[in-house]
Amino acid sequence: MSLPELSLNRPVFAMVMSIVIVLFGIIGFTFLGVREYPAIDPPVISVRTNYTGANPEIIESQITEPIEKSLNSIEGIRTISSNSSLGASTITVEFNLDANLEQAANDVRDKVSQAQRQLPQDIDAPPVVTKADANSEPIIFMNVQSTTRSATQLSDYAENVLQERLQTIPGVSQANIYGLKRQAMRLWIDPIKLSAYRLTSQDIQNALTSQNVELPGGKVYGNTTELTVKAVGRLTTEDDFNNLILRQTSNQIIRFKDVGYAVLGAENEETSSKQNGTVGVILALIPQPGANYVSIADEFNKRFEQLKKDLPPDIIVFVGTDRSIFIRRAIEEVGETLLISFVLVVLVIYFFFRDWLIAFRPLIDIPVSLIGAFFIMYLADFSINVLTLLGIVLATGLVVDDGIVVTENIFKKIEQGMETEQAAKEGSNEIFFAVISTSITLAIVFLPIIFLEGFVGRLFREFGIVVAGAVLISAFVSLTLTPVLSVKLTSKNHGRSWFYQKTERFFVWLDDSYRESLNSFMRKRGWAFAMIGVCLLLIFGLGSLLKSELAPLEDRGRTRIAITSPEGTSFEAQSAITDRVLQFVLDSIPENKLAFSVVAPGFSGSGAVNSSFVMVNMVDAADRKRSQQDIVDYLTKNLRKFSDARMFATQDQTIQVGRGVVCPFSL
């Protein structure tokens, strides 16, 4: 008994199977993440080591090189890059595409532990190994400003209030702060006075270590009570540090204020960020691998509205960049395309069948097959993105083919006078192997994409599997549900519509014309080889003239100006250069919506003080006359006037490979 016969004998079974496919597809859809493109970047592990006060040469020779040598023996490494700056070493290890992130992180930790014995004993802390999805770019930037607070006070509020409330959003890996300036007590020492008292900086450090400490005080017991003793030993104010005793003799007490002074300032003075020329900080939300970007943005918007109600009156927050907007637009456009393709398929089928009841039978294949494809995406750990939705759009035309073939063969049997049920049985059996063979052929065309290696294979793998899966599901539905619907929805007294009567003459003429042209061509079949040769020449000739690129640049209304000054440039000089570029952008780009700058960018500590960038966010393309490319060309031409540093304007690539965050920061 064939599959169509089984379905016709047990129609409830056929309907239940299609319902099960739809239910599993809906369940799988609810668990799918939403992003713009598939996760195509390899796993990246970073190793950061802090050694306060050490110059880049010491960092390179005593920290970076020993760790790099130890890491070189790990299997599956693609590249190792390092950055040795003042007081910090950062090593980035990029693995092959097929590497497992957890295993890679464990291998790196083991090698770093082995190399730790070769590092200086007085480093601030053991090297920190962090794992990250290389495609985890910040999706939302929230700018924070204040009209009255200093940079350190604003940073403290952003870190202890705003960051804590945002990094608990489901799907968020971490919330980083750009321009962060933690409060710290800065001790300024006069070397002449220090030498006069015959003291060294080590004496000051020893005094801090021994006196700036809180020790357990124990308890005091009475007859009926007991009290906990708290020994307050921490120095918290400027006066506390100024009165720190450095040396005490029988007739003299030397305090820190005798050789210098303490000032409450920033832990890192050599970093800053400005938004439209105003000092502030920036919170960047980085998603977890596979997270639903749209859900993160929706939850952020809810919390953002609540944050604005709870903010002190002197603090201003606003969203600088929201990458989920482009994802929403892309998905909406693909959804519109899917709807248009669905309507066109309906109209084309009706135009040839000229009967709405018959036209809608094969259209059952489309929703069942496409919804079922979401369950395949869930099993394969895919996401809803532009390429998977593109596969669904393409499958819209492919999956309906099987239903049309089965319905047409059954309809032809009914027109010949056969009973409806018998026509459904014989018509579907006749076409059974044709449907199976065409569906398998279509699936096999896309399945080889699974075996593609490297970046291209990772990019289009989801596309190929979605199309192949939808086609195979449509073959099953066409051989089970379509014959049953042909029996249940066919009326015995159903006559031909007026549209059928009006257009029958045209279709008869079309059929006769095709038959005559085919007979004429078969008498001169040698022309077929000539036509194939001409087509091949045109394909290769015109194809060689076309330009090739991974993906065209999209106008996303954003560009970045990277600024690099000569080595040795001070932080103040770099800040002045960046401020001039930022002011130039504010004065000469009327399409600017928000421009912010970051000098010596870095998450912990400072980056290279001779590097900075200016990010320009423009109004929507519909609200400006110049395109993003026109504005970038204008900036490139005018940035040559700034001779103090090397600077250039760049655009975000549509598809980015490697750890290229939206704002590439140097750590």
Side-chain angles (χ1 to χ4, degrees), residues 1-29 342 345-346 348-350 352-376 392 395-440 442-443 468-497 500:
M1 182 181 294
S2 64
L3 188 59
E5 290 180 353
L6 176 64
S7 301
L8 290 169
N9 293 336
R10 294 176 174 81
V12 175
F13 166 77
M15 295 180 184
V16 169
M17 290 303 296
S18 295
I19 293 174
V20 168
I21 292 175
V22 172
L23 288 177
F24 274 85
I26 294 175
I27 293 172
F29 177 81
F342 190 88
V345 168
V346 172
V348 170
I349 294 176
Y350 173 74
F352 284 95
F353 279 100
R354 292 162 288 170
D355 191 312
W356 286 114
L357 283 177
I358 298 175
F360 275 108
R361 290 175 212 166
L363 292 180
I364 302 297
D365 297 352
I366 296 179
V368 175
S369 303
L370 299 187
I371 294 175
F374 288 118
F375 183 67
I376 295 177
I392 289 177
T396 304
L398 298 177
V399 300
V400 78
D401 291 347
D402 297 333
I404 292 175
V405 171
V406 174
T407 302
E408 191 274 335
N409 203 43
I410 295 173
F411 183 64
K412 184 175 67 173
K413 299 287 184 183
I414 295 175
E415 283 188 327
Q416 293 173 356
M418 191 177 293
E419 289 293 330
T420 304
E421 189 168 345
Q422 186 65 24
K425 184 176 296 185
E426 293 189 10
S428 54
N429 281 334
E430 284 181 2
I431 211 72
F432 178 81
F433 286 104
V435 171
I436 294 296
S437 60
T438 54
S439 299
I440 292 178
L442 286 172
V471 168
L472 294 177
I473 293 175
S474 73
F476 175 80
V477 175
S478 299
L479 295 173
T480 55
L481 185 62
T482 301
V484 173
L485 294 178
S486 297
V487 174
K488 300 297 182 182
L489 297 180
T490 299
S491 175
K492 296 181 178 179
N493 301 321
H494 184 65
R496 294 175 176 176
S497 64
Y500 187 101

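From Ile366, atom CD1 reaches atom CD1 of Ile392 across 12.5 Å, with rounding to the nearest 0.5 Å. Once rounded to the nearest 0.5 Å, the distance linking CD of Glu426 with NZ of Lys412 reads 12.0 Å. A distance of 7.5 Å separates CD1 in Ile440 from CG in Leu472, rounded to the nearest 0.5 Å. Between the OG atom in Ser2 and the CG atom in Leu8 there is a gap of 8.0 Å [rounded to 0.5 Å]. Rounding to the nearest 0.5 Å gives a distance of 12.0 Å between CD1 of Ile27 and CD1 of Ile371.
Residues satisfying the side-chain hydrogen bond (donor to acceptor under 3.5 Å, both in side chains) criterion with Ser428, sequence neighbours excluded, are absent altogether. Looking at residues two or more places apart in sequence or on another chain, you find a side-chain contact (heavy atoms from CB on, under 4.5 Å) between Phe476 and Leu3, Met17, Ile21, Thr480. In this view, Val346 and Phe342, Trp356, Phe360, Leu363 satisfy the side-chain contact (heavy atoms from CB on, under 4.5 Å) rule, not counting sequence neighbours. Legend: residues meeting side-chain contact (heavy atoms from CB on, under 4.5 Å) with Val20, ordered by chain and number and at least two apart, are Val16, Phe24. Not counting sequence neighbours, Glu421 has no partner by the side-chain contact (heavy atoms from CB on, under 4.5 Å) test. Scanning for side-chain hydrogen bond (donor to acceptor under 3.5 Å, both in side chains) contacts around Lys425 gives an empty result, with sequence neighbours left out. Applying the side-chain hydrogen bond (donor to acceptor under 3.5 Å, both in side chains) criterion to Glu430, with sequence neighbours excluded, gives Asn409, Lys413. Contacts of Ser369 classified as side-chain hydrogen bond (donor to acceptor under 3.5 Å, both in side chains), with partners at least two apart in sequence or in another chain: none. Listed by chain and residue number, Phe374 satisfy the ring-ring contact (aromatic ring centres under 6.0 Å, His included) test with Phe29 (two or more places apart in sequence, or in another chain). By the ring-ring contact (aromatic ring centres under 6.0 Å, His included) test, Phe432 pairs with no residue at all, sequence neighbours left out.
Of all non-hydrogen atoms in Ala423 and Ile414, the two that sit nearest each other are CB-CG1, 3.7 Å. When every heavy atom of Ile410 is checked against every heavy atom of Ser486, the shortest pair comes out as CD1-OG, 3.8 Å. Taking every heavy atom of both residues into account, Val399 and Ala470 meet most closely at CG1-O, 3.4 Å. Ser18 and Val368 get closest at one heavy-atom pair: O-CG1, 4.2 Å. The shortest non-hydrogen separation linking Ala373 to Ile473 is N-CD1, 4.0 Å.
No donor-acceptor distance shorter than 3.5 angstrom exists from the side chain of Thr482 to the backbone of Leu479, with no hydrogens or angles considered.
Side-chain polar atoms of Asp402 and Ser439 form a donor-acceptor pair below 3.5 angstrom.
Evaluated for a side-chain contact (heavy atoms from CB on, under 4.5 Å) with Ile431, the options Thr407, Val406, Thr438 yield exactly one hit, Val406.
Using a 4.5 Å heavy-atom threshold, the side chains of Ser7 and Leu481 count as separate.
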